[in-house]
Amino acid sequence: TSSDLVLDLVYVVLLAKLGGDFRTNLDSSMFVAVRDFLALFIPIYNLWSVHNIFLNRFETSDVLFTFFFIASIMLVAFVGISATSCGDASEREACNQFAWCFAGARSLLVLANMYAWYHNTKYRLNIIVYIIPDVLVVICWIITGFMPYELHDNYTTAQYWSFILMWWLGIAIDLVR
């Protein structure tokens, strides 16, 4: 549908920018560049696939869907802006903004799935299978948004490792789903 194409174009621009940042960061350290790229690419890819699954199964032509679509484009754009800043080693505090934007985009998908659950009694069990892991992912990303991403004098702190743990836990739950 046309909404799929518009949303896909937003993701293409986002991934092109992320790839350009990866190429730039590759000069400093290959391991760090690959780690940072995967830490941003995997959640963005999962967000895109969850959007596509929802749009292919439950797209409607009502006012609520129009609101969902416009809000999705705006949140994905915010995810892209914060992802490019988070991928830059000098602006790591933007990783918290990425976590908040990502949690917002996934929360919107949870709400959209709940709307579909309410109106599609025949597919309620199938929709619950999508809602439960999505809620867990949103919780992980909200917790990540509250945690400071800090490195002091090249020594990692407990806060840093908690941030990384919650970041990758959200990714792991998403991948298992």
Side-chain angles (χ1 to χ4, degrees), residues 1-22 37-88 91 94-146 166-177:
T1 64
S2 59
S3 57
D4 284 337
L5 291 174
V6 170
L7 203 56
D8 285 350
L9 285 175
V10 172
Y11 280 105
V12 165
V13 170
L14 187 142
L15 291 175
K17 179 68 175 137
L18 195 62
D21 291 345
F22 170 69
F37 178 76
L38 289 177
L40 294 170
F41 175 78
I42 294 172
I44 291 169
Y45 173 77
N46 286 334
L47 183 62
W48 171 77
S49 68
V50 170
H51 264 116
N52 276 338
I53 288 169
F54 177 79
L55 290 175
N56 287 330
R57 291 189 178 168
F58 303 114
E59 183 176 2
T60 59
S61 297
D62 60 358
V63 174
L64 223 56
F65 177 77
T66 304
F67 168 75
F68 164 73
F69 180 70
I70 292 169
S72 292
I73 288 178
M74 290 173 45
L75 283 170
V76 169
F78 290 143
V79 165
I81 292 167
S82 59
T84 56
S85 298
C86 181
D88 184 11
E91 298 183 30
C95 293
N96 291 92
Q97 295 168 358
F98 175 82
W100 282 109
C101 293
F102 188 82
R106 289 303 290 264
S107 296
L108 188 63
L109 280 165
V110 168
L111 291 174
N113 275 314
M114 290 171 70
Y115 179 72
W117 178 87
Y118 179 76
H119 289 288
N120 295 303
T121 57
K122 184 177 177 182
Y123 300 107
R124 283 189 174 173
L125 184 60
N126 188 17
I127 297 169
I128 287 293
V129 170
Y130 290 107
I131 291 175
I132 292 172
D134 283 348
V135 168
L136 294 174
V137 168
V138 167
I139 290 169
C140 286
W141 285 98
I142 288 173
I143 292 171
T144 303
F146 279 116
M166 291 308 294
W167 185 290
W168 284 100
L169 181 62
I171 291 173
I173 292 170
D174 223 358
L175 290 175
V176 170
R177 180 179 68 86

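Predicted model only: the values in this text are computed from it and were never measured.
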Tell me the closest heavy-atom pair linking [X] and [Y], and the distance in Å.
{"X": "Val10", "Y": "Ala77", "result": "CG1-N, 4.5 Å"}
{"X": "Ser107", "Y": "Val138", "result": "OG-CG1, 3.2 Å"}
{"X": "Cys140", "Y": "Gly170", "result": "CB-CA, 3.8 Å"}
{"X": "Trp167", "Y": "Cys95", "result": "CZ3-O, 3.7 Å"}

Could you tell me the separation between the [atom1] atom of [X] and the [atom2] atom of [Y], rounded to the nearest 0.5 Å?
{"X": "Leu15", "Y": "Phe37", "atom1": "CG", "atom2": "CZ", "value": "7.0 Å"}
{"X": "Ile44", "Y": "Leu14", "atom1": "CD1", "atom2": "CG", "value": "4.5 Å"}
{"X": "Asp134", "Y": "Ile127", "atom1": "CG", "atom2": "CD1", "value": "12.0 Å"}
{"X": "Arg124", "Y": "Ile131", "atom1": "CZ", "atom2": "CD1", "value": "10.0 Å"}
{"X": "Leu7", "Y": "His51", "atom1": "CG", "atom2": "NE2", "value": "5.5 Å"}
{"X": "Leu125", "Y": "Trp117", "atom1": "CG", "atom2": "CH2", "value": "11.5 Å"}

Within a strict 4.5 Å, meaning less than it, do heavy atoms of the [X] and [Y] side chains meet?
{"X": "Asn120", "Y": "Arg57", "value": "no"}
{"X": "Thr144", "Y": "Trp168", "value": "no"}
{"X": "Asp8", "Y": "Asn52", "value": "yes"}
{"X": "Ser72", "Y": "Leu108", "value": "yes"}

Taking [X] for its side chain and [Y] for its backbone only, find out whether a donor-acceptor pair lies under 3.5 Å.
{"X": "Trp48", "Y": "Tyr11", "result": "no"}
{"X": "Arg106", "Y": "Val135", "result": "no"}
{"X": "Asn113", "Y": "Leu109", "result": "yes"}

How are the rings of Phe98 and Phe102 set to each other: parallel, tilted or perpendicular (split at 30° and 60°)?
-> parallel

Are Phe54 and Phe68 close enough, and set up right, to give a ring pair (Phe, Tyr, Trp, His ring centres under 6.0 Å), and what steps lead you there?
-> CA-CA 11 Å; Phe54 177 79; Phe68 164 73; 5.1 Å; yes

Proximity of Trp100 and Trp141 rings by center, below 6.0 Å = no

Check the surroundings of atom CZ in Phe69: do more than 12 heavy atoms from other residues, nucleotides or ligands lie under 6.0 Å from it?
->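 Counting neighbours around CZ of Phe69, more than 12 heavy atoms of other residues, nucleotides or ligands fall under 6.0 Å, so yes.
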
Crowded around Tyr45 OH? As in, over 12 foreign heavy atoms under 6.0 Å?
->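 No, OH of Tyr45 has 12 or fewer neighbouring heavy atoms, counting only those of other groups under 6.0 Å.
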
Stepwise side chain to side chain donor-acceptor pair (under 3.5 Å) test for Asp62 and Tyr115 | CA-CA 12 Å; Asp62 60 358; Tyr115 179 72; 2.6 Å; yes

Give the C-alpha distance, both sets of side-chain angles, the deciding distance and a yes or no for side chain to side chain contact (heavy atoms under 4.5 Å, CB included) between Thr66 and Ile70.
-> CA-CA 6 Å; Thr66 304; Ile70 292 169; 4.0 Å; yes

Test applied, side chain to side chain contact (heavy atoms under 4.5 Å, CB included); reference residue, Ile173; option that passes from Leu175, Ile171, Leu169 |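 Option passing the side chain to side chain contact (heavy atoms under 4.5 Å, CB included) with Ile173: Leu169.
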
